[in-house]
Amino acid sequence: MSDHILTDLNPAQKEAVVWPAEKPLLVLAGAGSGKTRILTRRIAHFMAQGIPSFSILGVTFTNKAAEEMRKRVRKLVRQEVWISTFHSACLRILREEGPAIGLPKDFTIYDDHDQLVLIKECLKELNYTEKQCHPKGAREAIQRAKDYLLTPYQYQERTTDPYEEMVARVFVKYEEKLTRLGGVDFGDLILKAVFLFDRKAKALEAWQDRLRHILIDEYQDTNHAQYRFVKQLASKYKQITVVGDPDQSIYGWRGADIHNILNFEKDYADSGVIKMEQNYRSPDVILGAANALIQHNEFRKPKLLWGEKGKGERITLYEAVDEKDEAEFVIGEIQKYQREGRTLNEMAIFYRVHAQSRIFEDVLRRAKIPYKIVGGIRFYDRKEIKDLLAYLKAIASPRDDVSLKRILNVPHRGIGKKALELLEEFQRKQHLSLSETLHRAKEISELGARTAKSVQDFHGMIEGFRKRVGKISVRELLEKMIEKTEYVDLLKAEHTIEAEARIENIEEFFSVIDDFEEMGQEGDLPGFIESISLFTDLDTWDSGTNTLTLMTLHMAKGLEFPVIFMVGLEAGLFPNFNALGREAEEELEEERRLCYVGITRAQAKLYLSYANSRRIYGTVAHNLPSRFLTELPAELLETRTRFSKEEDEDCEIEIDYDS
DNA sequence: AAAACGGGCTTTTTT
DNA sequence: AGCCCGTTTT
């Protein structure tokens with residue numbers, strides 16, 4: 001009855017799709033083997049068998065992947081399925097069940113920047129300097145602890161040295177503050193859901209009965225908290241499908257535990273295991289390079305990718321004089337491809353660290369090639385966007401002191417350091433929120449008359465906006481706010497290029513708002529804030545527009561492009577020395593997997609390059625070529641330098657695009 | 001007391 | 001490019 005669900009599948013793929021829905025299934029899917037296809041078809045197949053769509057939960061790594069998968073399922077069976085990231089899924093559960101574990105109904109999400117602000121406040125109160133305890137270091141420790149489901153007190157018990165004890169005290173304070181503010185951070189979303197399911201057996205069972213079929217993508221990159229969440233949900237019916245590739249596990253530094261996938265068969269008795277090694281993406285040269293590279297990893301299960309796309313063109317290795325030479329070579333090749341009819345969205349540049357993007361930006365701008373950097377200085381990290389967002393957050397959540405404090409004197413309204421100190425002192429003594437403190441500012445005698453007036457005016461303005469939430473659209477709200485605060489007018493008055501750029505970003509922000517409001521919920525301010533707090537740069541990236549894409553190798557996972565330039569293959573940069581810590585061997589293997597991910601993104605042609613001298617982080621480094629280059633079979637490479645002769649075009653192009 | 005300015009530092013990867 | 005911090009200007 002539903003032939004289209006089973007057409008164009010190879011035997012392994014078909015087996016994975018039709019594997020009984022009642023049984024656990026592990027699909028070890030090599031790069032480019034049709035992983036997404038299996039998941040969507042399997043979901044469609046479930047529904048064709050009469051399994052209701054509302055009993056299915058699909059989990060992917062990014063919102064973009066989730067959207068893509070929803071779209072494909074919709075096309076196959078014309079039904080909507082709940083497919084989202086772990087974070088979004090847990091958020092939805094907590095919105096329903098939060099009060100059962102003491103979460104306020106209107107809890108807000110604190111992103112990593114908010115976390116940092118909060119940690120800095122904690123340090124101040126505990127009299128630690130930022131030299132003693134680096135805020136970012138503390139944040140990382142806290143995030144890792146949450147990935148492992150540790151409470152601050154459990155973390156404290158496990159400390160082994162004075163530094164960790166210090167972090168533990170910060171963690172305790174941080175958690176207190178967060179609770180008081182009615183906030184949860186990213187890690188909390190998963191952690192609290194697990195906590196809920198641990199404590200409330202009834203709630204757990206209700207969700208188990210509701211979501212009887214669970215499918216997880218990129219299972220090799222799940223952390224312990226996510227693993228527990230899945231295990232809780234799946235433990236009653238054990239109707240779980242996981243798909244992943246241990247060779248593409250690249251988030252160990254973020255708490256991902258490769259053992260989750262390696263131990264799946266032990267966790268779920270009678271599970272089916274299906275290996276998919278046929279690759280539909282890349283020609284043999286690229287698969288050969290990928291296979292050869294990854295075999296240098298000692299801790300892995302054997303696997304060999306093979307394809308039917310033909311030999312393909314050799315990988316070009318470019319030996320650059322310096323980073324400028326490297327960038328100019330890459331852009332030159334891109335222009336050559338453009339002349340041959342390739343579009344910019346068919347090509348991409350991958351690098352190990354964001355800092356490498358600068359030189360490419362310079363050269364691309366000069367060449368007038370439109371480009372988009374995914375990640376890096378994210379749109380939502382820009383000062384002006386953070387300011388406006390803080391306004392919206394402060395209006396939407398009166399308890400959000402962090403946001404309110406950010407905008408208290410932005411733009412300048414005469415509420416400086418001293419005034420803030422007085423306000424905070426009053427706040428502490430009276431146990432108030434910052435908003436309530438502002439309301440009662442006239443009770444603080446030390447505050448000058450002019451400052452007190454300024455504070456009251458500010459508070460009055462915020463209160464005024466709060467009353468209009470829901471009555472007017474988010475766009476109108478922000479427009480009125482910008483008008484009242486003269487935020488844009490003040491930027492215009494600067495008459496600088498920088499200010500111009502900021503105004504453009506604000507316009508871009510309005511189009512984000514419009515996109516949200518067109519989806520139906522006009523005026524839903526909390527909904528808008530929530531939607532962007534879980535979105536990443538990648539989620540808004542549009543692969544359809546004719547623009548060149550630049551991104552880190554981490555962001556490239558799951559994507560594919562006909563032509564790929566992997567740059568900066570130098571010892572120290574990639575593998576990255578900073579990534580090699582105590583468990584150097586394991587971490588080196590993760591770097592190698594990252595390289596493997598990069599190579600296997602190429603659908604037709606791959607370029608690798610390194611520079612003999614590179615200016616980065618303000619100094620000039622003379623790096624040796626990456627060890628990964630020597631791990632590739634020499635016969636798959638053709639080496640070029642800026643002095644080597646251009647080869648004839650016709651012997652260079654020998655790719656068989658049709659097969 | 002607030003604002004403006006300049007120097008120094010920062011970056012490994014991010015849901 | 002942003003943030004912190006010390007110094008100078010308003």
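Computed from a prediction, not measured in an experiment: that's the story for all the values here. First the proteins, then the strands, lettered A, B, ... as listed; each starts at 1. The analysis underlying the following values was restricted to heavy atoms, covering all of them including side chains, and did not include hydrogens, waters or symmetry mates.
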Legend entry - Residues in contact with DNA chain B, drawn from residues 488-501 of chain A - heavy-atom cutoff 4.0 Å: none

Report yes or no: do [X] and [Y] form a side-chain donor-acceptor pair below 3.5 Å?
X	Y	result
Glu570(A)	Ser626(A)	no
Asp457(A)	Ser454(A)	no
Asp257(A)	His259(A)	yes
Tyr251(A)	Asn223(A)	no
Glu218(A)	Gln220(A)	yes
Gln115(A)	Tyr174(A)	yes

Legend entry - Protein-nucleotide distance (Asp221(A), atom CG; dT14(B), atom P), rounded to Å: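 Atom-to-atom, Asp221(A) to dT14(B), this comes out as 13 Å.
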
Inset, instruction - Measure the distance from CG on Asp147(A) to P on dT14(B) and round it to the nearest whole Å. - result: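 Result: 16 Å.
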
Inset, instruction - Summarise protein proximity over nucleotides 5-10 of chain C in one line of letters, 5' to 3': B for base, S for sugar-phosphate only, - for none, counting protein heavy atoms closer than 4.0 Å. - result: ------

Inset, instruction - At under 4.0 Å between heavy atoms, which parts of nucleotides 8-13 of chain B does protein reach? Answer with one letter per nucleotide, 5' to 3': B base, S sugar-phosphate only, - none. - result: ---BBB

Legend entry - Ring centroid separation Phe574(A) to Phe628(A) under 6.0 Å: yes

Inset, instruction - Taking all non-hydrogen atoms of both residues into account, name the closest pair between Gln232(A) and Ala193(A) and its distance. - result: OE1-O, 4.4 Å

Inset, instruction - Please examine the side chains of Arg406(A) and Tyr391(A), heavy atoms only from C-beta on, and report whether any two atoms are closer than 4.5 Å. - result: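 SC-SC contact between Tyr391(A) and Arg406(A) ruled out.
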
Any [X] side-chain nitrogen or oxygen under 4.0 Å from OP1 or OP2 of [N]:
X	N	value
Lys383(A)	dC3(C)	no
Arg502(A)	dG2(C)	yes
Lys131(A)	dC4(C)	no

Legend entry - Lys/Arg N to Asp/Glu carboxylate O, Glu323(A) vs Arg358(A), below 4.0 Å: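 Result for this pair is no, no salt bridge flagged.
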
Legend entry - salt bridge (charged side-chain N to carboxylate O under 4.0 Å, His left out) partners of Lys136(A), counting only residues at least two apart: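 Salt bridge (charged side-chain N to carboxylate O under 4.0 Å, His left out) check on Lys136(A) returns nothing, list empty.
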
Legend entry - Of all pairs that satisfy salt bridge (charged side-chain N to carboxylate O under 4.0 Å, His left out), the ones with a partner from residues 490-499 of chain A, not counting sequence neighbours: Glu498(A)-Arg502(A)

Inset, instruction - Map every base of DNA chain B to its dot-bracket character, where paired means a Watson-Crick or G-U wobble contact with both distances under 3.5 Å and | marks a partner outside the strand. - result: ||||||||||.....

Inset, instruction - Assign each of Gly414(A) and Gln226(A) to its nearest nucleotide of DNA chain B by heavy atoms, then name whichever residue's nucleotide is nearer the 5' end. - result: Gly414(A)

Legend entry - From Lys177(A), Lys146(A), Lys192(A), residue fulfilling salt bridge (Lys or Arg N to Asp or Glu O under 4.0 Å) relative to Asp185(A):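 The residue from Lys177(A), Lys146(A), Lys192(A) that satisfies salt bridge (Lys or Arg N to Asp or Glu O under 4.0 Å) with Asp185(A) turns out to be Lys146(A).
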
